[in-house]
Amino acid sequence: MLEIGVIRDQKEKVLSGLKTKNCNQEQLELLDKIIQEDDNRKSTQTNLDNLLSRSNKLAGEIGALFKSGNAEQANVLKDEVAALKEEIKSLDNQLKACKDALDEMIIQLPNLPHESVPQGKKPEDNEVFKGWDAPMPELAPGSLPHWELAEKYDLISFKDGVTLTGSGFPVYKGKGARLQRALINFFLDEAVAAGYHEIQPPLMVNKESARATGQLPDKEGQMYHCEKDDFYLIPTAEVPLTNLYRDTILQKADFPIKMTGYTPCFRREAGSYGADVKGLNRLHQFDKIEIVRLEHPENSYDVLMEMVAHVEGLLQKLELPFRILRLCGGDMSFNSALTFDFETWSAAQGRWLEVSSVSNFETFQANRMKLRFKDEDGKTRLAHTLNGSALALARIVATLLENHQTPIGIRIPAALIPYTGFDLIS
RNA sequence: GGAAGAAUGGCAGAGCUGGUUUAAUGCACCGGUCUUGAAAACCGGCGUGGGUAACACCACCGGGGGUUCGAAUCCCUCUUCUUCCGCCA
């Protein structure tokens, strides 16, 4: 969530940022309401504090009077405190209501975009940050989309998934399952080699965690919810990994904090439809290796580019054609200040598929989760959080199968062979 | 699942028969004196948040609620941890 101090002190800047994010008029008007409500909060708090101060003093005097045996005088003061208490209770309620109202308004505001974020509303407005210069792979006649390849080589059964659970829960088999395991290990090894600390977190989190990274309340309907225990199935490892540092004050020497983790990810994908959902393109459960970093604000944008480079390296090793987009204000997530999307070219489908999203959240998540650090001058400041997929499996498998298909089978890229133990799916 | 005990500032650890505790003390940490330098010793500082120009002031002793003029301290409740019993991959 945005910092109240920033909203107060840099209102114009906030306003123009929100416009880049394509906020509606209602959201823009919130700024003045927030400042007004915050003024209200301050004055209510001051009044309340004064009453509490008075009440504390009287209680002390009463104690002293009782000790000296002056009960009569003490009882007079007791009456005064009783009257104060009524007022305190009412102001306290007022203050609570005030804070709730303030919270509810601030939480509706998205993060401010970085200055490099292009204006725009639709995916077409995204900027191609780095295109694919080499020629696109040419597939032999008769090449198939991945869902047909999966069937042909008996790698993935979508049908069995429906039997077991429902659509969007594929069953991987034989070399298909082996390929999953190979990719997971490959991505984890690459991340660890790049200095990321490997973590295996729980796959369910509580409300506080989901709130801290911004999934609640924004994406309430997109997560699977176990009502009886009030747990949420994680939509990404970002949630548990980042939350490891919820409500923490770091020392400057603790930076950089680099974490990686493999987890299945669960998404309800309510409201999705059409060709997008065919095969592996959009699933309710998929595997992903996430990289997460907690950084000093000075470094966070250098680190973002470092993460982009890491993901780039992975795609190169998998020999997949890809491009990098800098997302426009309207296509960026609610929490992000700057996001680079990676897309691989799905030759058989004739379109780009998003396989990774690397973002800097600046202090937006840190503010919600109270993740801070001590600066050199001893001041406590909010840290920056970043994360990215490195990588998400399902769509990688889709493009891997499609782009590397040959008349004699599907070729496994050299970097992956030590992990699969085979070089061809036939 | 059952029983008992516990939860205090970075750590350790008092307070818990309610009012000089506005949380003692030690360690760690920061600054200074001394020293050629370091250690030791001594002096000072040392939690988080709100609030202020800066003070003042206010809140926080696992979370929430209650009793009282006054709660770290008493009561209720939830959570977590420890030990014991039961069950179990």
Side-chain angles (χ1 to χ4, degrees), chain A residues 1-9 34-107 200-212 216 226-232 240 243-255 257 294 363 365-383:
Chain A
M1 62 201 289
L2 292 179
E3 295 164 74
I4 183 78
V6 174
I7 295 174
R8 293 189 76 103
D9 301 340
I34 286 170
I35 293 171
Q36 200 184 332
E37 191 67 41
D38 193 46
D39 285 339
N40 187 18
R41 191 208 98 237
K42 284 190 191 188
S43 67
T44 307
Q45 176 116 46
T46 304
N47 289 340
L48 176 61
D49 285 354
N50 288 338
L51 292 182
L52 285 171
S53 171
R54 174 86 188 130
S55 160
N56 285 342
K57 270 202 192 85
L58 288 175
E61 286 174 30
I62 290 169
L65 285 171
F66 271 126
K67 228 169 213 172
S68 64
N70 194 343
E72 210 173 302
Q73 186 66 31
N75 283 324
V76 175
L77 291 184
K78 271 170 100 168
D79 288 343
E80 192 179 334
V81 176
L84 268 180
K85 265 186 95 173
E86 299 266 317
E87 237 181 306
I88 286 173
K89 190 155 199 177
S90 129
L91 267 183
D92 194 41
N93 287 334
Q94 229 174 295
L95 183 65
K96 265 183 199 145
C98 206
K99 281 181 173 169
D100 287 347
L102 201 53
D103 255 11
E104 209 208 312
M105 286 194 280
I106 294 180
I107 218 160
Q200 198 173 110
L203 305 181
M204 293 193 219
V205 294
N206 56 32
K207 262 202 165 77
E208 292 70 37
S209 295
R211 203 186 123 83
L216 288 179
C226 305
E227 283 183 20
K228 196 159 184 180
D229 296 292
D230 205 11
F231 293 152
Y232 292 87
N243 266 283
L244 284 173
Y245 289 87
R246 170 149 49 95
D247 205 11
T248 299
I249 299 179
L250 298 164
Q251 298 305 315
K252 209 191 164 196
D254 293 335
F255 293 126
I257 291 174
L294 313 182
T363 60
Q365 288 181 327
N367 191 30
R368 264 199 211 186
M369 72 168 75
K370 305 226 180 334
L371 165 55
R372 293 150 297 171
F373 69 98
K374 283 259 188 242
D375 215 347
E376 293 96 338
D377 56 4
K379 280 223 169 89
T380 307
R381 298 174 57 192
L382 291 170

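So you know, we letter chains A, B, ... as the sequences are listed, proteins then strands, and number each from 1.
When the C1' atom is used for both B/rA14 and B/rC61, the distance is 13 Å, rounded to whole Å. Using atom C1' as the reference point in both B/rA7 and B/rG64, the two lie 16 Å apart (nearest Å). Of the P atoms belonging to B/rG31 and B/rA39, the separation is 11 Å, rounded to the nearest Å. A distance of about 12 Å separates the P atoms of B/rG10 and B/rG49, rounded to the whole Å. Atom C1' of B/rA23 sits at a distance of 8 Å from the matching atom of B/rU8, rounded to the whole Å. To the nearest whole angstrom, the two P atoms, one in B/rC29 and one in B/rU82, are 30 Å apart.
When rounded to the nearest whole Å, the span between CG of A/Asp375 and C1' of B/rC30 equals 16 Å. Note: CG (A/Leu102) to C1' (B/rG51) measures 15 Å, nearest angstrom. The CD-C1' distance, from A/Glu61 to B/rG70, rounds to 13 Å in whole Å. Atom CG of A/Asp39 and atom P of B/rU52 are 10 Å apart (whole Å). Atom C1' of nucleotide B/rU48 and atom CG of A/Leu371 are separated by 15 Å, given to the nearest angstrom. The interatomic distance linking A/Lys374 (NZ) with B/rG49 (C1') rounds to 12 Å, in whole Å. One atom, NZ of A/Lys379, and another, P of B/rU48, lie 13 Å apart when rounded to the nearest Å. When the P atom of B/rA53 is taken as reference, atom CG of A/Asp9 falls 12 Å away, rounded to whole Å.
Counting only heavy atoms from C-beta outward, the side chains of A/Met369 and A/Asp247 never approach each other to under 4.5 Å. In this structure the side chain of A/Ile4 reaches within 4.5 angstrom of the side chain of A/Ile34, judged on heavy atoms. Annotation: side chain of A/Glu3 is in contact with side chain of A/Thr363 (closest heavy-atom distance under 4.5 Å). Contact annotation: the side chain of A/Leu84 never approaches that of A/Leu52 to less than 4.5 Å [non-hydrogen atoms, C-beta and beyond].
The shortest non-hydrogen separation linking A/Phe255 to A/Leu294 is CD2-O, 3.3 Å. The two atoms that bring A/Ile35 and A/Ile7 nearest to each other are CD1-O, 3.9 Å, heavy atoms only. When all heavy atoms of A/Leu382 and A/Phe373 are compared, the pair lying nearest together is O-CE2, 3.4 Å.
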Please list each protein N or O that sits under 3.5 Å from an N or O in nucleotides 73-80 of chain B, with the distance.
none

Could you write out each protein N or O paired with an N or O of nucleotides 17-22 of chain B at a distance under 3.5 Å?
residue : atom : partner : partner atom : Å
B/rG19  : N2   : A/Ala59 : O            : 2.7

- Query: In the 5'-to-3' direction, what one-character label does each nucleotide of nucleotides 55-60 of chain B receive under the scheme B = base within less than 4.0 Å of a protein heavy atom, S = sugar-phosphate only, - = no such atom?
  - Reply: --SSS-
- 5' to 3', nucleotides 61-68 of chain B under a 4.0 Å protein heavy-atom cut-off (B base, S sugar-phosphate only, - none) gives ----S---
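Checked against salt bridge (charged side-chain N to carboxylate O under 4.0 Å, His left out), A/Arg246 has no partners two or more places apart in sequence or in another chain. Every residue meeting the salt bridge (charged side-chain N to carboxylate O under 4.0 Å, His left out) condition with A/Arg41, not counting sequence neighbours, appears here in chain and number order: A/Asp38. Applying the side-chain hydrogen bond (donor to acceptor under 3.5 Å, both in side chains) criterion to A/Ser43, with sequence neighbours excluded, gives no partner residue. Residues satisfying the side-chain hydrogen bond (donor to acceptor under 3.5 Å, both in side chains) test with A/Asp375, not counting sequence neighbours, are A/Arg381.
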- Query: Taking it one step at a time, do A/Lys374 and A/Asp254 satisfy salt bridge (charged side-chain N to carboxylate O under 4.0 Å, His left out)?
  - Reply: CA-CA 10 Å; A/Lys374 283 259 188 242; A/Asp254 293 335; over 6 Å; no
- Can you check side chain to side chain contact (heavy atoms under 4.5 Å, CB included) on A/Leu2 and A/Asn367, steps first, answer last? CA-CA 7 Å; A/Leu2 292 179; A/Asn367 191 30; 5.9 Å; no
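The nucleotide whose nearest atom lies closest to any side-chain atom of A/Arg41 is, among B/rG51, B/rC69, B/rU48, B/rG51.
Between atom CG of residue A/Leu48 and atom OG1 of residue A/Thr44 there is a gap of 8.5 Å, rounded to the nearest 0.5 Å.
In RNA chain B, stems built from 3 or more consecutive Watson-Crick or G-U wobble pairs, each with both distances under 3.5 Å, span B:1-7 with B:79-85, B:10-12 with B:25-27, B:29-33 with B:41-45, B:47-50 with B:57-60, B:62-66 with B:74-78.
When heavy atoms are screened at a 4.0 angstrom cut-off, A/Ser55 is found touching no nucleic acid atom at all. Residue contacts shown for A/Lys42 are limited to sugar-phosphate atoms, with no base heavy atom under 4.0 Å away.
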Enumerate, atom names and distances included, each donor-acceptor pair closer than 3.5 Å involving a side-chain atom of residues 91-107 of chain A, sequence neighbours excluded.
residue : atom : partner : partner atom : Å
A/Asn93 : ND2  : A/Lys89 : O            : 3.4

Show which side-chain atoms of residues 200-208 of chain A pair as donor or acceptor with protein atoms under 3.5 Å away, not counting sequence neighbours.
residue  : atom : partner  : partner atom : Å
A/Asn206 : OD1  : A/Glu208 : N            : 3.4
A/Asn206 : OD1  : A/Ser209 : N            : 3.0
A/Asn206 : OD1  : A/Ser209 : OG           : 3.1
A/Lys207 : NZ   : A/Asp230 : OD1          : 3.3
A/Lys207 : NZ   : A/Asp230 : OD2          : 3.1

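For the side-chain hydrogen bond (donor to acceptor under 3.5 Å, both in side chains) condition, the pairs that include at least one residue of residues 48-59 of chain A, sequence neighbours left out, are A/Arg54-A/Glu80.
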